[in-house]
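No hydrogens, no waters, no symmetry mates; every other heavy atom, side chains included, goes into these values. The residues of the chain are indexed from 1 along the displayed sequence. All ligand and atom numbering here is 1-based and tracks the order in the structure.
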Amino acid sequence: MKIAIYPGSFDPVTSGHLNIIQRAANIFDKLIVCVMVNAGKNPMFSLEERVELIRRVTGDLPNVEVDGSNELLADYARRRGSCVIVKGLRAGSDFENEFQMALVNHKINPELDTMFLTAESQYMYLSSSMVKELGTYGVDLSDFLPQEIIPDFQKRIAQKNQTTQGGK
Ligand code: ADP
């Protein structure tokens, strides 16, 4: 059974992420979407919340499992019996960084390879950070986020705005 892992921050999961999940789930027998802890980022949603949001939008994909981990990705993949990491590639700007990570992961775990799926043109420019930026200005997000999670996202933006304004 070919098991692939799709790692990321997913803060929150966007329509671009979901597109990669759907396509990778068609290629592999099983796809594990893993929310990874990134110490350098201060997330809008907790790890558990991000896992729950992804579960909600992938409920119709029977071979997709959603998990969270603070392990090293190469160790996580070994533990889960996977030898493939799936990543989405947007513009050339993703390439440099992703290439470096793929080499490092392969060095740490030589059985592990990274496969890239190119972003669909309508999602080329889309990132979680851009969605968070747009959200603060009340822009319509239906082209950027899966419909089922928009209310959660708007609620969190409103809470953040309240905290910021309350702090002034
Ligand atoms: P973001 O840059 O949105 O914060 P993540 O750290 O959650 O992204 O990214 C996880 C993976 O998803 C990475 O491989 C990233 O290149 C990919 N990805 C992010 N946004 C898109 C998109 N719009 N289309 C395709 N792949 C994407």
Numbering as shown, the atoms of ligand 1 that approach [X] to under 4.0 Å (heavy-atom distance):
X: Ser9; value: 5 (P), 6 (O), 7 (O)
X: Ser128; value: 1 (P), 3 (O), 4 (O)
X: Asp94; value: 16 (O)
X: Ser127; value: 3 (O)

Would Ile20 count as a contact of ligand 1 if the rule is a heavy atom under 4.0 Å away?
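It does; at least one heavy atom falls under 4.0 Å.
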Answer with yes or no whether Pro7 contacts ligand 1, where contact means a heavy atom under 4.0 Å from a ligand atom.
yes
So, taking the atom named [atom1] in [X] and the one named [atom2] in [Y], what distance separates them when rounded to the nearest 0.5 Å?
X: Arg55; Y: Glu148; atom1: CZ; atom2: CD; answer: 15.5 Å
X: Phe144; Y: Ser15; atom1: CZ; atom2: OG; answer: 9.0 Å
X: Leu145; Y: Asp152; atom1: CG; atom2: CG; answer: 10.5 Å

Is [X] atom [atom1] crowded by more than 12 heavy atoms from other residues, nucleotides or ligands, each under 6.0 Å away?
X: Asn42; atom1: CG; value: no
X: Glu111; atom1: CD; value: no
X: Phe99; atom1: CZ; value: no

May I ask you to say whether [X] pairs ionically with [Y], meaning some side-chain N is under 4.0 Å from a carboxylate O?
X: Lys87; Y: Glu98; result: yes
X: Glu65; Y: Arg80; result: yes
X: Arg78; Y: Asp75; result: yes

Which heavy atom of the protein is the closest neighbour of [atom], given with residue, atom name and distance?
atom: atom 7 (O) of ligand 1; value: Phe10 N, 2.9 Å
atom: atom 8 (O) of ligand 1; value: His17 NE2, 3.4 Å
atom: atom 23 (N) of ligand 1; value: Tyr123 O, 2.9 Å
atom: atom 24 (N) of ligand 1; value: Ala119 CB, 3.5 Å

Answer yes or no: does an N/O atom from [X] fall short of 3.5 Å to an N/O atom of ligand 1?
X: Gly88; value: yes
X: Tyr6; value: yes
X: Leu126; value: yes
X: Ser129; value: no

Would you say Ser142 and Asp140 are linked by a side-chain donor-acceptor pair, where the criterion is simply a distance under 3.5 Å?
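Asp140 vs Ser142: donor-acceptor pair found between side chains.
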Pick from Met101, Lys87, Gln122: the one approaching atom 14 (O) of ligand 1 most closely through a non-hydrogen atom:
Lys87
Filtering Arg90, Met36, Met124 for the heavy atom nearest atom 22 (C) of ligand 1 leaves Arg90
